[in-house]
Structures are given as C-alpha cells and as structure tokens.
Amino acid sequence: MAEHNLQHIDLNDYPHINKGLDGIVAFSTTKSFINGQTGELIYSGYHIDTLADNATFEEVCFLLWNDRLPKNSELEELHKKLQSNRELPEPVLNYIKTTDKNAEPMAVVRSAVSMLADFVDSNSSDLDNAITMTAQIPTIIAAFDRARNEKEIVTPLKDGSTAFNFLYMLNGEEPGQAAERTMDLCLVLHAEHGMNASTFTCRSICSTESDMFSAVTGAIGALKGPLHGGANTAVMNTLLKLKEQGEHADPVVFTKDKLDRKEKIMGFGHRVYKTFDPRAYHLRKMSKDLAEETGHQYLYEWSEAMVKTMKDEKNIDPNVDFFSATVYYSIGIQPDLYTCIFAMSRISGWTAHFFEQKANNRLIRPRALYTGEKNLPWVPAEER
Ligand code: CMC
C-alpha cells in the first residue's frame, strides 16, 4: 500500500487497494478473450488472425452483437440498415459545421454522439441505436474534417462498406480497393478488446440503467486519453517530431533520450499483453507494405528501429496503436483523426458490452479507501 496516513483506516475492512484494478475480474463476457502472456486475442470464438484474414467490419459487428457470424441474408440486411442510417440529423450537422475549427476531433465526436440521442425514436431498440451510432460516427468524423478545412461536406453513400464510405466522405472521391481493404482491416482489428478503460466506462454507465448514447459518450471520453486510444495520434506526433530533426534524425538516440528523461514512448506497453500485441503483427505488415507503396519507407524503418530499441532497453513491445499510426499516415489521414477512427470501430465492442451488461446487470459500485481526517471541528471562515 502507498504512503498513506493509516491512522484512520480500518485495515480489517480494507486489506488491499487494487490501484488501476489490475487483474480484477468483475464481469464475465462472451465478447473477447485475451491471453496476455501468449498474445492471443479472440472475438466471440474467432481468433483475431482468422478474422483479419477473412472478416469484414460489418461481419465483426454482427459477430459481437450476436455471438455468431451472420448468414448472407443477415449480413445483407445489416449493410442495408447501416447504409440507410448514415445521414446525420440536421442540427448535429449544423453543430459540426459551426463548431470551432480548432476543436479536438475526439471532442467533436463525443459531443455529436451525445446529441444523436435527441433525434432517435423513443421506441428504437438498443440494437437500432447501436446501428445508428455505427453508421453515423464515420459521417461525424468526415464532416468535421471537411468543415474545418473549408471543404464541402460530402453526403454519405447509400451503398458500399463502412470503410469505403468513410474514405469517400473524407476525401471526396472513391477509394481504391487497397485503401478500402486497409481501412476495413483496421476497423476489424480495433473492434473489441475486453475490459479496457472505455469499455469499462460504457458498462459502468449501462449499469446505472442509463441509455446507450450516454454510455458511448462516456466511452469516447475515456478512449480519448493518450494512455488509451489517444496513443495512436501521440505516436504519429512523436514520429513527426523526429522528422523535424531532418538529416540528423536518429530513432535509436531519440528513443533512448526519451527513456533517459523517464518519458513514456507512445504505442508501447500494455496492461494485459506482456508480449507482442497480436493486432500489431497485422498493422506492422500493412505499415511496411504501405510505406513502400507511398514513399514513407523512412517512417517504417524508424518504427522498426524504435521497436528494437524498446525491446533492448525496456523489454517492452509495441501495442495496437504503434503501427496503426503509420498505416493511417500512409493513406493520407490527418494524425488527429486516428483516435476517432478507433472510436468508429470500437463502437461495435462498446455496444456489444452494453447488451451484455444490460442482460445481466448489477450496479457497478466499488469502494475507495478514505485516507482523510475525520470529525474535524468546524472553524468559521474568518478564523481559518
Ligand atoms: N514507454 C516507456 N516505459 C514504459 C512504457 C512506455 N510506453 N510502458 C510501460 N513502461 C514502463 C513504465 O515506466 C514502468 O517502468 P518502471 O517499472 O521502471 O516504473 C513499467 O513499464 C510498467 O509500466 P506501467 O505504466 O505501470 O504499466 P501499465 O500496465 O500501467 O501501463 C500503459 C500500460 C498502456 C498505460 C503503458 O504501457 C503506457 O503508458 N504506454 C504508452 C501509452 C500507450 O501506448 N497506450 C496504448 C495502450 S494499448 C491500446 C489502447 O488501449 O488504446
């Protein structure tokens, strides 16, 4: 236990504080399984490698919501529902057009998702609401990026995949097959990951019998932080800082200097994985291939040099956020949108956990160890 003043603590009641809730099992779930020692990740029965090689993001949404893969007709139906729900309510679009151009994109996504709650039918089911958010978060992100860059907002397509439509709305032109597949695979890899901070937030809000929009709004707030989803933007900012050093840029020295200053290197380390994050293998391969294709080879080489330095110096491996940064950069996405793309995918996992929590709810209400004084005498303000 940390250096607390223990005189007021009844240690019989509170023998142990679990700061950060490391290793605490508070839920059961069928949504994902992680073995942090071997680097294994399963979504509702399917290994992440199997899904990365075969599944589309829409199939993963169905899988997480239903714990089984969709039949053709069910997948078709889900596609149709997502496609027909992509347009934003006018007041939400107006908010996006008129908010400060310098606002943080994740803050805009959080506020816009919160607003969506006002425009859904009061009879809509949780599944309807999950589909609405999954369909509209990409529209929010693309609309804000275009509005802040003084570009005309692109109306979402009424067909095509989530990945295709997102890139189309962002760039104003249809993406090629390779770009669509890259985006789709990134969405598959980020969809679900157990009891991370944002999912825990989502389940906590659900446990009070609040609504799904509130739970997802809270989850977006949790994802935004640099120790969680915000790390992918922070990784790219780190690499761009290194780039500023021009011909003197040395990723090994840069990394060691940061470690000497006791700074964290973003995109490395994980609470659960004590080995290479299985998602990072797929992103690493994409990062390598795309870097070659788009002339960003130096970024890939620097990334690999940082991976080796972190292994040698700290025995710490990269997490999902490390290589995803260079993947997004190579397909021309602005660094401050990377965490929003994480949210655009993780909405599937958050909402799946919402269903699971609601189906077997118990109010989440842990305890805190009080370390303050007790029963102090009242001192009038003028005498303090
Ligand atoms: N750079 C340098 N040192 C690190 C890093 C890092 N990225 N990660 C962990 N360490 C060190 C840490 O300083 C500590 O060293 P010491 O024992 O000497 O004090 C030791 O490793 C244990 O670290 P910790 O912070 O207690 O471990 P944790 O389980 O609380 O941290 C983490 C997990 C993700 C918060 C942390 O690794 C970190 O801050 N990483 C950088 C941010 C990041 O990439 N976040 C994304 C997480 S994964 C995907 C997601 O959720 O979005």
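Whatever order the structure lists them in is the order used to number ligands and atoms, beginning at 1. Heads up: numbering here begins at 1 and tracks the sequence.
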Counting only pairs under 3.5 Å, give me each side-chain donor-acceptor contact of residues 295-307, with atom names and distances, residues two or more places apart or in other chains.
from, atom 1, to, atom 2, distance (Å)
His296, ND1, Thr294, OG1, 2.9
Tyr298, OH, Lys243, NZ, 3.2
Tyr300, OH, Glu304, OE2, 2.6
Ser303, OG, Leu299, O, 2.7
Glu304, OE1, Arg284, NH2, 2.8
Glu304, OE2, Arg284, NE, 2.7

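- Contact check on Lys101 versus Glu150 returns no salt bridge, with no Lys/Arg side-chain nitrogen under 4.0 Å from an Asp/Glu carboxylate oxygen.
- The protein residues lying under 4.0 angstrom from ligand 1, judged by non-hydrogen atoms, are Pro226, Leu227, His228, Gly229, Ala231, Leu259, Lys264, Ile265, Met266, Gly267, Phe268, Gly269, His270, Arg271, Met310, Lys314, Ile316, Asn319, Val320, Asp321, Phe342.
- Under the 4.0 Å criterion applied to side-chain N and carboxylate O atoms, Lys158 and Glu87 are assigned as salt-bridge partners.
- For Asn72, the side-chain contact (heavy atoms from CB on, under 4.5 Å) criterion is met by no residue, not counting sequence neighbours.
- Partner of His193 under the ring pair (Phe, Tyr, Trp, His ring centres under 6.0 Å) criterion, chosen from Tyr273, Phe200, Phe33: Tyr273.
- Under the side-chain contact (heavy atoms from CB on, under 4.5 Å) criterion, Ala117 pairs with Phe213, sequence neighbours left out.
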